[in-house]
> 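Encoded as structure tokens, here's the structure I'll be asking about.
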Amino acid sequence: MKQIRIVLAGPRGRMGQEALKLIQETDHFELAAAVDRIHDGKYISDIEGLPSLKAPIYTDIEKCFQEVEADVLVDLTTPEIGRFHTKKALEYGMRAVVGTTGFSEEDLQELRQAAEEKGIGCIIAPNFAIGAILMMKFSQMAAKYFSDVEIIELHHDQKLDAPSGTGLKTAELIAQVRETKQQGHPEETELLPGARGANYDGIHLHSVRLPGLIAHQEVLFGGFGQSLTIRHDSYNRASFMSGVKLAVDTVMAVDTLIYGLENIIE
Ligand code: NAP
């Protein structure tokens with residue numbers, strides 16, 4: 001397999017550290033450099049707690065792209081900086097795999113245009129857990145036969161948005177194949193506001209936030225005399241790395257922007 005040289009942005013972050021392990025463990029991946037807002041001029045191997053990879057660290061991403069030969073930027077940072085990094089990568093003709101979440105429609109549109117102008121690939125995936133993508137696909141499949149469905153998504157208590165992007169995406173995928181239906185008793189009333197959760201096209205979405213959780217979701221379907229539950233659990237951030245690997249391999253062979261891992265999993 002052809003070697004893929006990676007620039008990793010956010011190497012000290014929780015996702016970034018998992019990505020370093022992935023790069024170290026994958027024969028055809030090589031860390032060309034890292035982008036970090038501190039430790040400019042040092043090597044990854046100089047940083048306590050990080051693997052002994054002799055890859056230079058840059059704070060200025062443009063300097064990094066000018067001095068280092070690489071194939072793909074992997075960005076695992078924050079929305080604002082991730083958007084800037086991805087834009088710069090495409091400007092320099094470098095492919096990008098972005099796990100950073102929180103990009104707006106306008107951001108995606110701008111990056112899509114930049115990728116198309118350069119004719120290079122860019123994959124942005126808000127959920128890299130392959131099991132979570134399959135959960136969404138299986139749920140869409142089941143919704144053709146079960147029109148009564150509720151979604152419960154459960155996350156750690158530091159999560160800022162609710163419902164989760166995956167919960168909302170699941171509801172959207174189900175709504176594409178299910179006839180619009182208001183569920184529950186037509187005259188039901190909430191004794192406490194919000195008791196029935198959020199409502200997307202008649203599908204109820206419930207968000208649980210507890211310390212100790214990472215990212216989990218249950219999609220519950222009910223029919224006459226039967227129920228079907230589809231559940232996915234991410235127990236740690238390593239669960240996202242098979243998706244990152246798939247995206248890095250795939251981005252080398254595409255010439256446009258792809259949003260969502262579901263679009264590269266058959
Ligand atoms: P994290 O532990 O907070 O790591 C974020 C990293 O970004 C840190 O290394 C941080 O460095 C760096 N950073 C922040 N601001 C920066 C700046 N201005 N310049 C350069 N680096 C900067 O977060 P995480 O849990 O690893 O998550 C990272 C991203 O991935 C988030 O957007 C999260 O929502 C997303 N995520 C995606 C998936 C998926 O499947 N796609 C799964 C989990 C998480 P400092 O320490 O200096 O702040």
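Remember, it's 1-based here, ligands and their atoms both numbered in the order they're listed. FYI, the numbering just counts along the sequence from 1. Quick caveat, the model's predicted, so the values are computed rather than measured.
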> Backbone, side chain, both or neither: what part of E80 comes under 4.0 angstrom of ligand 1, heavy atoms only?
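Neither; nothing of E80 gets under 4.0 Å from ligand 1.
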> Which of the listed options, V98, T166, L76, holds the heavy atom that is closest to atom 6 (C) of ligand 1?
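That would be L76.
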> Compare S239, G99, G165 and give the one whose heavy atom is closest to atom 35 (C) of ligand 1.
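Shortest heavy-atom distance from atom 35 (C) of ligand 1: G99.
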> Heavy atoms of the protein only: does one fall short of 4.0 Å from atom 10 (C) of ligand 1?
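So far as the 4.0 Å threshold goes, atom 10 (C) of ligand 1 is out of reach of every protein heavy atom.
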> Indicate yes or no: at least one non-hydrogen side-chain atom of V248 is less than 4.5 angstrom from one of V74.
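A side-chain contact exists here, since the closest heavy-atom pair is under 4.5 Å.
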> Considering only protein heavy atoms, which is closest to atom 46 (O) of ligand 1, and at what distance to one decimal place?
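Closest protein heavy atom to atom 46 (O) of ligand 1: R12 NH1, 3.2 Å.
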> Name the option, out of M15, H156, K159, R14, that contains the heavy atom nearest to atom 27 (O) of ligand 1.
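The residue whose heavy atom sits nearest atom 27 (O) of ligand 1 is M15.
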> Side-chain donor-acceptor pair under 3.5 Å between T100 and D75, yes or no?
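There is such a pair between these side chains.
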> So for ligand 1, is G13 a polar contact partner (N or O within less than 3.5 Å, distance only)?
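Between G13 and ligand 1, an N or O pair is found under 3.5 Å apart.
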> Among protein heavy atoms, which sits nearest to atom 40 (O) of ligand 1, and what does the distance come to when rounded to 0.1 Å?
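Answer, as residue, atom name and distance: F128 N, 2.7 Å.
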> My understanding is that we take every heavy atom of each candidate and find the minimum distance to atom 12 (C) of ligand 1. Doing that for I81, T77, L261, N127, which one comes out nearest?
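Among I81, T77, L261, N127, the closest heavy atom to atom 12 (C) of ligand 1 comes from T77.
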> Looking only at distances, can you tell me whether any N or O atom of P11, backbone or side chain, sits closer than 3.5 Å to an N or O atom of ligand 1?
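For ligand 1, there is no N or O atom that lies under 3.5 Å from one belonging to P11.
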> Just go through I61, T101, I214, L160 and tell me whose heavy atom is the nearest to atom 32 (O) of ligand 1.
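Closest candidate by heavy-atom distance is T101.
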> Counting only heavy atoms, which portion of F240 has something under 4.0 Å from ligand 1: side chain, backbone, both, or neither?
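It is the side chain that gets close, since no backbone atom is under 4.0 Å.
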> What part of A9, side chain from CB on, backbone N/CA/C/O, both or neither, has a heavy atom under 4.0 Å from ligand 1?
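Neither; no heavy atom under 4.0 Å.
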> Using a distance-only test with no angle check, is there a side-chain donor-acceptor pair under 3.5 angstrom linking T229 and E218?
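No.
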> Relative to the heavy atoms of T78, which atoms of ligand 1 are at a distance of less than 4.0 Å?
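By the 4.0 Å cutoff, the relevant atoms are 14 (C), 15 (N).
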> Do any nitrogen or oxygen atoms of P79 come within less than 3.5 Å of a nitrogen or oxygen of ligand 1?
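It does not: no N or O of P79 is found under 3.5 Å from an N or O of ligand 1.
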> I want to know if ligand 1 touches A129 in the polar sense, i.e. an N/O pair below 3.5 angstrom.
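Among all N and O atoms of A129, none is under 3.5 Å from an N or O of ligand 1.
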> Below 30° counts as parallel, above 60° as perpendicular, anything between as tilted: where do the rings of H216 and Y235 land?
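H216 and Y235: perpendicular rings.
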> I'd like to know whether S147 forms a side-chain hydrogen bond (donor to acceptor under 3.5 Å, both in side chains) with E179, so could you lay out the CA-CA distance, the side-chain angles of the two residues, the decisive distance to 0.1 Å, and finally the verdict.
CA-CA 7 Å; S147 57; E179 262 184 45; over 6 Å; no
> Using a 4.5 Å cut-off on heavy atoms from C-beta on, say whether the side chain of T26 contacts that of K245.
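Touching, per the 4.5 Å side-chain cut-off.
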> Can you check whether F65 and Y92 have ring centres sitting under 6.0 Å from each other?
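Yes, the ring centres sit under 6.0 Å apart.
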